[in-house]
Amino acid sequence: MSNPNFPITRPRRLRQTSNLRRLVRETVLTPADFIYPLFIVHGRNIRHEIGSMPGVFHLSVDQLAAESVELRQLGLPAVMLFGLPAAKDPLGLENFAPNGIVQQAIRELRRANPELVIMTDVCLCEYTDHGHCGIIEGTQILNDPTLEILGKVAVSHATAGATMVAPSAMMDGQIAAIRQALDTAGFSHTPIMGYSAKFASGFYGPFREAADSPPQFGDRSSYQMDPANGREAMREIELDVAEGADIIMVKPALPYLDIIRQARDRFPDLPLAAYNVSGEYSMLKAAARLGWLDEKRVALESLISIKRAGADMILTYWAKDAARWLST
Ligand code: PBG
């Protein structure tokens, strides 16, 4: 098919120099876009690289002051905390213990960097011996009894000084239950970021090694979403908004860019987060190690595509690297 506008129209005119390309660039990444996930473990002097996630570490609480200084120097505004408890049990008691691992981490980060936005993942799977995100009866994952625990965990994190809580258990009604628990405990100012459209994804594989949280039987398909369902994702987000979510999220990011775009268009007034999950990170890391891909290029390209799709903020294991790359 001939182009009737050619040779008048030549899109290449605006691609000729780096400064021209900068002028017409539609999407810009900044360190302020990133939320950096941290995996906290008991013990001292631990900085242990996670095998399936090169460049990501298990950190003990004593490492966090230095870490938070680095984050401040890089201009990174926020962290998302995950904890590995000393012991697991059916309910996940350390999850809401005043001296639990995440509670200790929150206090240390708050002390070392008062400005840091401290977000916490509110879920059961890292803490329960069965590895499911809710409490179980036989092989059933119980919804409503789990809500009470999620509320306790959120209040416990807020009490320790968390800025924001982020429920990821995919239990129905979890935002409403947590909102009510927080408000009752005097934390009406504490925002909730909902992992609203969270899919049952194979891309969480490396995270389950990082957080030691694989389900001991079955899988998460009875609570996380079917990857085939886009309309249902909008419904999940709508429910989270109705229940009072302050920020909504789509997770994973790259295989779900269409969902991010739909969420942006359908919910234009709410901040939208996307989680660039462990598998999205590890697959590019692995290919880069083999010399098959240029890590910096493909990581920044992935992040810009997530933002272009409509995300305001991105949870990513590349947060520190990306902040460095963007400043050079
Ligand atoms: C649940 C949770 C998971 C992730 C974040 N919160 C794992 C899961 O649902 O199985 C995955 C994050 C990642 O893969 O980077 N607590």
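Starting from 1, each residue takes its place in the sequence as its number. For ligands, and for the atoms within them, numbers begin at 1 and follow the listed sequence.
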Counting from 1 in the order shown, the ligand 1 atoms closer than 4.0 Å to a non-hydrogen atom of K198 are 1 (C), 2 (C), 3 (C), 6 (N), 8 (C), 9 (O)
* Does a side-chain heavy-atom distance below 4.5 Å link R297 with W325? -> no
task = Give the ring-plane orientation class for Y275 versus F82, where under 30° counts as parallel, over 60° as perpendicular and anything between as tilted.
result = tilted
Exercise. Is the shortest heavy-atom distance from the side chain of T190 to the side chain of I192 under 4.5 Å?
Worked result: no
Parallel, tilted or perpendicular for H132 and Y223, by the 30°/60° rule?
perpendicular
Note: heavy atom closest to atom 3 (C) of ligand 1, options K251, E209, M53, belongs to K251
In ligand 1, the atoms that come under 4.0 Å of a heavy atom of Y275 are 12 (C), 15 (O)
Closest to atom 15 (O) of ligand 1 (heavy atoms only, candidates F207, Y195, Y204, Y317) is Y317
min-distance protein heavy atom vs atom 10 (O) of ligand 1 -> R208 NH2, 2.7 Å
- Would you sort out whether T328 and K296 count as a side-chain contact (heavy atoms from CB on, under 4.5 Å), showing the intermediate values? CA-CA 12 Å; T328 53; K296 175 180 167 178; 4.3 Å; yes
R220 heavy atoms within 4.0 Å reach ligand 1 at atoms 8 (C), 9 (O), 10 (O)
Ligand 1 to Q224 polar contact by distance, N or O atoms, under 3.5 Å | yes
TODO: Classify the side-chain pair S68/N113 by whether it contains a donor and acceptor separated by less than 3.5 Å.
DONE: no
In this structure, atom 14 (O) of ligand 1 is nearest to the protein heavy atom S278 OG, 2.7 Å
In ligand 1, the atoms that come under 4.0 Å of a heavy atom of S168 are 1 (C), 2 (C), 6 (N), 16 (N)
Within 4.0 Å of some non-hydrogen atom of C125, the atoms of ligand 1 are 1 (C), 16 (N)
Check step by step if side-chain contact (heavy atoms from CB on, under 4.5 Å) holds for F187 and V165.
CA-CA 11 Å; F187 294 104; V165 294; over 6 Å; no
Here the atoms of ligand 1 under 4.0 Å from any heavy atom belonging to C123 are 1 (C), 16 (N)
- Task: Give a yes or no on whether a salt bridge exists between E238 and R266, defined as a side-chain N under 4.0 angstrom from a carboxylate O.
- Result: yes
A student checking ligand 1 against E126 at a 4.0 Å heavy-atom cut-off should list atoms 16 (N)
Ligand 1 atoms nearer than 4.0 angstrom to some heavy atom of F82 are 5 (C), 6 (N)
Between side-chain atoms of residues 28-38 and protein atoms elsewhere (two or more places apart, or another chain), which donor-acceptor pairs fall under 3.5 Å?
from, atom 1, to, atom 2, distance (Å)
T30, OG1, A32, N, 3.0
D33, OD1, K307, NZ, 3.3
D33, OD2, T30, N, 2.8
D33, OD2, K307, NZ, 3.0

